[in-house]
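Data first, discussion second: the structure below is written as structure tokens.
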Amino acid sequence: MAIERARAQAVQKPWGVADLRPWNTADHDGGLFGEIWYERPGNAESDSSLLLKLLFTSQPLSIQVHPDDAYAQSMGQARGKAEAWYILSAAPGAKIALGLKKQLTSRQLRKAVDDGSIAGLIAWRTVVTGDVVFVPAGTIHAIGAGLVIAEIQQRSDATFRMFDFGRKRELHVANAVAVADAGPANADLKSKRLTDERTLLVSNTHFAFERIELTQKSELHIEAEHETWLLVVSGSGRAGKFAVVAGDAIFAQAENVDLHAGPEGMTSLVAYTGEACPVPRLLEHPAQPATTEAGRP
């Protein structure tokens with residue numbers, strides 16, 4: 001049983017940015033920071049199967065691919081890596097890449113990685129604020145410059161780089177070719193409105209990902225039976241006993257989390273595990289006190 005304010009950890013990346021505001025106002029002493037990882041307090045992060053991040057890009061990330069659970073476990077890792085992105089902000093013309101323009105054989109893919117022509121074969125598309133992208137394990141992908149992205153993923157560092165846009169970091173060619181789906185990806189992802197407050201963004205066997213929009217001064221609670229992460233993306237309010245604003249995150253499990261939106265309302269992204277995804281009764285209105293015939297409690 002837990003309701004915790006997540007600890008935000010800034011991570012340096014060569015493709016990152018110098019200023020993380022308004023998402024994080026801590027003084028990071030210069031350098032380029034590409035990610036904020038949200039972790040449980042203390043050493044409890046190892047108990048979670050999901051990892052919540054923010055990504056900040058001033059350059060394209062590497063072209064990469066992640067393994068599924070079976071391949072990752074064959075390498076001694078706990079799980080593979082499926083992930084989903086929610087575009088928080090996008091510079092005009094900002095792009096992400098998902099899959100290839102055409103189907104390749106394993107031999108053709110190996111050659112494209114070896115000679116760098118993979119950079120011209122990935123399928124780029126423009127994204128705007130509010131877009132959602134699902135990246136199943138095995139999907140070749142990249143993220144372009146000028147983006148701030150909220151990412152939920154299986155907790156895994158299994159990443160195989162195929163091309164690094166001149167940064168000369170290590171590539172993982174054999175593993176990448178072994179796990180990659182070397183063809184076009186299904187980029188047609190449709191969100192589904194579940195209630196006035198809930199919109200289902202992504203649902204798969206590893207997690208569900210939702211957007212929850214509370215109107216000004218409204219009150220609801222999340223029934224967080226399984227591992228649940230909440231990230232405030234606009235507005236302010238309270239989550240449990242914690243005052244929260246954009247960029248704050250909460251972890252909960254086996255608890256009900258009372259949400260109170262502030263005067264401007266509050267929009268959050270929520271990701272959770274469980275056999276039933278999406279959970280039918282994830283978000284509930286508080287129970288009203290019983291009244292007598294005279295209208296008094």
Side-chain angles (χ1 to χ4, degrees), residues 1-8 22-23 38-41 44 48-54 84-88 129-132 150-152 189-204 206-292 295-297:
M1 298 171 65
I3 304 175
E4 304 163 348
R5 182 190 291 278
R7 174 172 51 89
W23 302 101
Y38 292 98
E39 300 282 15
R40 297 186 63 186
S48 61
S49 62
L50 300 179
L51 177 60
L52 174 65
K53 294 180 180 179
L54 293 183
W85 307 332
Y86 183 88
I87 309 301
L88 292 171
T129 300
D131 280 353
V132 183
E151 175 181 292
I152 190 69
L189 189 64
K190 299 207 181 318
S191 300
K192 181 180 179 181
R193 195 80 171 182
L194 300 177
T195 67
D196 289 344
E197 299 87 8
R198 296 175 63 190
T199 300
L200 179 65
L201 306 175
V202 174
S203 180
N204 58 81
H206 306 294
F207 56 82
F209 195 31
E210 297 189 20
R211 182 177 64 239
I212 292 178
E213 299 166 283
L214 302 186
T215 57
Q216 57 183 4
K217 299 185 178 179
S218 58
E219 298 182 12
L220 293 98
H221 68 254
I222 291 178
E223 297 187 351
E225 179 181 354
H226 300 281
E227 175 183 344
T228 302
W229 295 87
L230 178 146
L231 172 69
V232 180
V233 297
S234 68
S236 63
R238 297 191 68 82
K241 65 181 180 180
F242 302 107
V244 289
V245 298
D248 287 338
I250 298 294
F251 172 87
Q253 189 167 15
E255 288 278 9
N256 286 343
V257 184
D258 293 324
L259 300 179
H260 302 263
E264 71 273 47
M266 183 169 71
T267 298
S268 304
L269 300 176
V270 176
Y272 54 88
T273 61
E275 295 179 3
C277 286
V279 173
R281 296 173 62 88
L282 178 75
L283 196 65
E284 294 291 328
H285 290 272
Q288 297 298 316
T291 59
T292 65
R296 294 188 300 272

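Just so it is clear, the values below take in all heavy atoms, side chains as well, and ignore hydrogens, waters and symmetry mates.
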Item checked: Steps toward side-chain contact (heavy atoms from CB on, under 4.5 Å) verdict (I222, I212) -> CA-CA 10 Å; I222 291 178; I212 292 178; 4.2 Å; yes

Notebook entry, point to check: Heavy-atom distance under 4.5 Å between the side chains of L282 and E223, does that happen here?
Noted result: no

Margin query: Please evaluate residues L51 and E39 with respect to the criterion side-chain contact (heavy atoms from CB on, under 4.5 Å), reporting the C-alpha separation (whole Å), side-chain torsions for both, the decisive distance (0.1 Å), and the verdict.
Written below: CA-CA 8 Å; L51 177 60; E39 300 282 15; 4.2 Å; yes

Notebook entry, point to check: So do L54 and Y38 actually touch side chain to side chain, heavy atoms under 4.5 Å?
Noted result: yes

Determine all donor-acceptor pairs shorter than 3.5 Å in which one atom belongs to a side chain in residues 228-242; sequence neighbours excluded.
unit_1 : atom_1 : unit_2 : atom_2 : d
T228   : OG1    : H226   : O      : 2.8
W229   : NE1    : E227   : OE2    : 3.0
S234   : OG     : T267   : OG1    : 3.4
S236   : OG     : E264   : OE1    : 3.4
S236   : OG     : E264   : OE2    : 3.2
R238   : NH2    : K241   : O      : 2.3

Next item on the list: Report yes if some heavy atom in the side chain of V132 is under 4.5 Å from a heavy atom in the side chain of R211; otherwise report no.
Entry: no

Next item on the list: Kindly state each residue pair satisfying salt bridge (Lys or Arg N to Asp or Glu O under 4.0 Å) with at least one member in residues 193-202, sequence neighbours excluded.
Entry: R193-E213, R198-E210

Next item on the list: Starting at CD1 of I250, measure out to CD of E4 and round the result to the nearest 0.5 Å.
Entry: 9.0 Å

Checklist line | Nearest non-hydrogen partners of A271 and F209, listed with the distance | finding: CB-CD1, 3.9 Å

Check: How long is the gap from CG on L283 to CG on L214, to the nearest 0.5 Å?
Finding: 6.5 Å

Check: Which value, rounded to the nearest 0.5 Å, describes the distance between M266 atom CE and T215 atom OG1?
Finding: 11.0 Å

Next item on the list: Would you name the heavy atoms of A224 and A252 that are closest together and state the gap between them?
Entry: CB-CB, 3.8 Å

Note to self: Show the nearest heavy-atom pair for residues V279 and Y272, with the distance to one decimal.
What the structure shows: N-OH, 3.0 Å

Next item on the list: Mind running side-chain contact (heavy atoms from CB on, under 4.5 Å) on V202 and F207 for me, showing each step along the way?
Entry: CA-CA 8 Å; V202 174; F207 56 82; 4.2 Å; yes

Next item on the list: Under the salt bridge (charged side-chain N to carboxylate O under 4.0 Å, His left out) rule, collect the residues that match up with D248, sequence neighbours excluded.
Entry: R5

Item checked: Set of residues satisfying side-chain contact (heavy atoms from CB on, under 4.5 Å) with respect to K192, sequence neighbours excluded -> L194, L200

Note to self: With heavy-atom distances below 4.5 Å as the criterion, would you say the side chains of P41 and F251 are in contact?
What the structure shows: no

Checklist line | Test side-chain contact (heavy atoms from CB on, under 4.5 Å) applied to Q216 - qualifying residues, sequence neighbours left out | finding: none

Note to self: Applying side-chain contact (heavy atoms from CB on, under 4.5 Å), can you list everything that pairs with D258, at least two apart in sequence or on another chain?
What the structure shows: H221, H260

Next item on the list: Rounded to the nearest 0.5 Å, what's the gap from CD1 on I152 to CH2 on W85? Could you check?
Entry: 14.0 Å

Check: What distance do N256 atom CG and E225 atom CD have between them, rounded to the nearest 0.5 Å?
Finding: 10.0 Å

